[in-house]
Amino acid sequence: MKQVLVILGVLAISASFIALLSIKRALHEPAEAEDYAHLPKSESPPALFASPDFSFRDHTGQTVTKASLGGQPYVANFIFTTCRTVCPLLTAKMVRLQRELPGLPVRFVSFSVDPEHDTIEALAAYAKQWNPDEVRWSLMETTPPGLADLAKGFHVTADRTDGGLDAVMHSAVFVLVDQYGVVRGVFNSEESDDFKALMRDVRTLVGSKAPEPRPTRSGEVLFHELSCANCHERPELAPPLGGLLGQRRELETRLLVIADEAYLKESIVAPVAKRVAGYPLMMPSYAGHLSMDELDALVKYVVALPPPAAPSPGVEVAIDPVCHMKVRVTPNALRVQPDGGEPHYFCSEWCRARFSENPDAYRH
Ligand code: HEC
């Protein structure tokens, strides 16, 4: 029987990047974890398969093994810290999960799929950037053979690609493992229903009741809880949000729109309707996670954010010739340097690819 394996990757195709949900057919392979992603989740999630053995150090330097995690359920995912396409999205969801399940006896484990670069220090910096107060979260340093065994055992993929924006293609799933080390669910992080089912199944495993309806959160609390700043304060990942109201935005479809309040709301709950041009990463949808009042409060907070500060003296800034955004000239800034000419700097791989295809179109 043919098995279907869904891999989320991002490919550079000539001038533009497209998020690609590629479907690979694998003959005669054991059941892939993703096959289970669409099974209906019942009251008590079914036992799927035994999780693999592993022993790695986490971002605090402690050794974490299958045995040491025993006794508590955990939610695992697979990321790498320099990834600029799907991982910030996965990590934003991981952090949302942690914040939606406060105080519950459940662990969160993010395995690095880039053993070469993700040192303990890099993982510690990543944890600090995203959710420094979360003691239940372990970001795991891996080794090439250890990672291969892990991927096999969890039935996920973690393959090197030859080029493109990100060097590793890997499964964008969350895996729920129970206190006995048995996998009880594999959830497609892209599906908001799966995200809700994952939260429900974690609660079932730890015997916790559904939460009481919570009080309306303020715009500031939401902005923090939903990790908005983690992407939007890094211009290489997402557009700065301060001073946005009334500005003209170029969409992926090349249409120009004015960022009014309705546009801001739509960007938060239905981002797919109007994607901003030039970002390989996609804005996650917050539909179903905010009440109407909360959405109003969040937009009010975003509108009041100060425009991005002028860069401090000493930090060189260049203008991306394609989208005209300001780009900080740092050693790892994206650039194209014609032979003997001045370098051009880019906000994203998308702009760089457009420029490389036809540099003359962007000369002033
Ligand atoms: C995982 C990273 C990530 C997170 C977390 C995130 N965003 Fe975004 N956001 C993006 C990216 C990338 C874009 C531009 C591409 C697109 O439109 O999909 C964007 C676009 C937007 C836009 C349109 C901006 C413009 O310049 O026109 C708004 C408004 C916005 N986000 C608000 C928010 C708010 C509010 C939150 C928190 C609730 C948030 N975002 C969380 C990545 C993120």
Side-chain angles (χ1 to χ4, degrees), residues 8 10 16-19 77 79 81 83-100 110 126 129-131 165-166 172 189-190 192 195 217-305 307-308 320 323-326 347-351:
L8 196 100
V10 174
S16 68
F17 279 90
I18 56 162
N77 75 348
I79 53 140
T81 62
C83 155
R84 291 191 291 172
T85 51
V86 71
C87 313
L89 209 70
L90 292 177
T91 302
K93 289 198 171 156
M94 187 54 131
V95 169
R96 204 193 303 171
L97 202 62
Q98 294 161 355
R99 296 204 169 118
E100 298 262 357
S110 294
Y126 193 78
Q129 189 184 19
W130 280 94
N131 200 6
L165 184 58
D166 281 330
S189 63
E190 300 286 287
S192 129
F195 189 81
R217 294 163 290 179
S218 73
E220 187 179 357
V221 165
L222 285 163
F223 196 77
H224 170 72
E225 279 197 356
L226 302 177
S227 307
C228 310
N230 283 90
C231 290
H232 284 282
E233 282 179 1
R234 296 169 61 196
E236 73 279 17
L237 288 184
L241 291 179
L244 193 59
L245 195 68
Q247 271 192 26
R248 231 159 26 132
R249 316 297 295 146
E250 186 186 344
L251 304 182
E252 233 173 39
T253 54
R254 312 295 309 256
L255 283 176
L256 290 175
V257 292
I258 299 287
D260 55 13
E261 274 195 26
Y263 168 83
L264 295 183
K265 283 187 183 165
E266 190 181 46
S267 297
I268 296 167
V269 293
V272 70
K274 296 198 175 70
R275 290 231 176 265
V276 184
Y279 293 91
L281 174 65
M282 289 188 289
M283 163 79 186
S285 167
Y286 289 93
H289 293 274
L290 299 165
S291 66
M292 282 311 275
D293 288 348
E294 287 182 329
L295 182 60
D296 284 341
L298 182 59
V299 166
K300 232 173 163 173
Y301 181 80
V302 168
V303 166
L305 286 172
D320 179 327
C323 70
H324 305 293
M325 259 177 56
K326 289 191 183 132
C347 74
S348 64
E349 199 58 68
W350 190 80
C351 283

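As the structure is a computational prediction, the values presented were derived from the model and not from experiment. Each ligand, and each atom within it, is numbered from 1 in the order the structure gives. Any value given below was found using the heavy atoms of this structure, including those in side chains, with hydrogens, waters and symmetry copies removed.
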Identity and separation of the nearest protein heavy atom to atom 18 (O) of ligand 1: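 Residue, atom and distance for the closest contact: Arg275 NH1, 2.5 Å.
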Closest approach of any protein heavy atom to atom 17 (O) of ligand 1, naming residue and atom: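 Scanning the protein heavy atoms, the shortest distance from atom 17 (O) of ligand 1 goes to Val276 N, 3.0 Å.
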Short list, please: which atoms of ligand 1 are under 4.0 Å from a heavy atom of [X]?
X	value
Leu264	29 (C)
Arg249	25 (C), 26 (O), 27 (O)
Tyr263	23 (C), 25 (C), 27 (O)
Pro88	1 (C)

Any N/O pair Ser227/ligand 1 closer than 3.5 Å: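 No: no nitrogen or oxygen of Ser227 is under 3.5 Å from one in ligand 1.
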Under 3.5 Å: N/O of Tyr286 near N/O of ligand 1: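 No; every N/O pair is 3.5 Å or more apart.
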Of all pairs that satisfy salt bridge (Lys or Arg N to Asp or Glu O under 4.0 Å), the ones with a partner from [range], not counting sequence neighbours:
range	answer
residues 278-291	none
residues 219-230	Arg217-Glu225
residues 280-291	none

Any donor-acceptor pair under 3.5 Å from Arg99 side chain to Asn131 backbone: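 No; judged by distance alone, with no hydrogens or angles, the pair does not exist.
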Main-chain N/O of Pro240 paired with His232 side-chain donor or acceptor, under 3.5 Å: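 Between the backbone of Pro240 and the side chain of His232 there is no qualifying donor-acceptor contact (under 3.5 Å).
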Atom pair CG/CG of Leu298 and Leu290 - distance to nearest 0.5 Å: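 It comes to 6.5 Å.
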CZ-CG distance between Arg249 and Leu244, expressed to the nearest 0.5 angstrom: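 If we round to the nearest 0.5 Å, Arg249:CZ and Leu244:CG are 5.0 Å apart.
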Within-2.8 Å protein N/O/S contacts of atom 8 (Fe) of ligand 1: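 His232 NE2, Met283 SD, with waters left out.
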Within reach of ligand 1, part of Leu222 (heavy-atom separation under 4.0 Å):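 Contact part for Leu222 vs ligand 1: neither.
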Leu237 heavy atom under 4.0 Å from ligand 1: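 So Leu237 counts as touching ligand 1.
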Aromatic ring pairing Tyr301/Phe223, orientation class (parallel under 30°, perpendicular over 60°, tilted between):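 Tyr301 and Phe223: tilted rings.
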I want to check something: taking the side chain as every heavy atom from C-beta on, are [X] and [Y] in contact at a cut-off of under 4.5 Å?
X	Y	result
Lys274	Thr253	no
Pro88	Cys83	yes
Tyr126	Ile79	yes

